[in-house]
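It should be emphasised that the depicted structure is a prediction, and the values quoted were computed from it without experimental measurement.
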Amino acid sequence: AGPGHARGRLAAFAASVREGAARGEITSAHAPETLTNAILGSFYSLMFSWAHVEGYPIRNQARATARFLADALAAQRPGPLSPAFQEELP
């Protein structure tokens, strides 16, 4: 899979994040690009570990990662963000 596949994957995940944010299902506390990077980073980490770690429990790890991402990206927040996280990054 070359750069075109990576761009296609990025575009697909980014579209899903933007659509979820527009429906109010995904947090707006972070830029869609940041959320997309978190999803893709998790995906690539799973694939790398599966390919290079003998006996890697891909199904269990994929389920745990999906639960984590669902919690992390959910629109509802338990409380206000700390001021440090409310500032815009350069």
Side-chain angles (χ1 to χ4, degrees):
H5 289 284
R7 279 191 297 277
R9 217 176 281 114
L10 175 64
F13 280 110
S16 293
V17 167
R18 289 186 198 293
E19 290 168 14
R23 290 190 303 265
E25 299 167 352
I26 294 180
T27 182
S28 60
H30 306 282
E33 295 80 10
T34 301
L35 302 176
T36 301
N37 285 336
I39 295 167
L40 276 175
S42 296
F43 173 78
Y44 288 136
S45 177
L46 284 168
M47 294 301 102
F48 181 86
S49 295
W50 183 43
H52 297 286
V53 177
E54 188 174 332
Y56 186 75
I58 186 66
R59 288 183 183 175
N60 291 342
Q61 291 301 317
R63 283 186 196 109
T65 300
R67 282 191 301 272
F68 166 76
L69 287 171
D71 290 345
L73 275 61
Q76 52 276 39
R77 306 211 48 77
L81 291 174
S82 76
F85 288 106
Q86 292 176 0
E87 296 175 17
E88 285 204 29
L89 296 175

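For the side-chain contact (heavy atoms from CB on, under 4.5 Å) test, no residue two or more places apart in sequence or in another chain qualifies with D71. Listed by chain and residue number, R23 satisfy the side chain to side chain donor-acceptor pair (under 3.5 Å) test with E25 (two or more places apart in sequence, or in another chain). Residues that satisfy the salt bridge (charged side-chain N to carboxylate O under 4.0 Å, His left out) test with R59, not counting sequence neighbours, are absent from this structure. Residues that satisfy the side-chain contact (heavy atoms from CB on, under 4.5 Å) test with A31, not counting sequence neighbours, are E33, T34.
S45 contributes no side-chain N or O that, together with a main-chain N or O of G41, makes up a donor-acceptor pair within less than 3.5 Å.
Between G24 and A75 the shortest heavy-atom distance is O-CB, 3.0 Å.
In the hydrophobic clustering (ILVMFWY side chains linked at under 4.5 Å, chained through shared members), L46 is joined by L10, F13, V17, I26, L35, I39, L40, F43, Y44, M47, W50, V53, Y56, I58, F68, L69, L73.
Applying the salt bridge (charged side-chain N to carboxylate O under 4.0 Å, His left out) test to residues at least two apart or on different chains, none of the pairs has a partner in residues 36-51.
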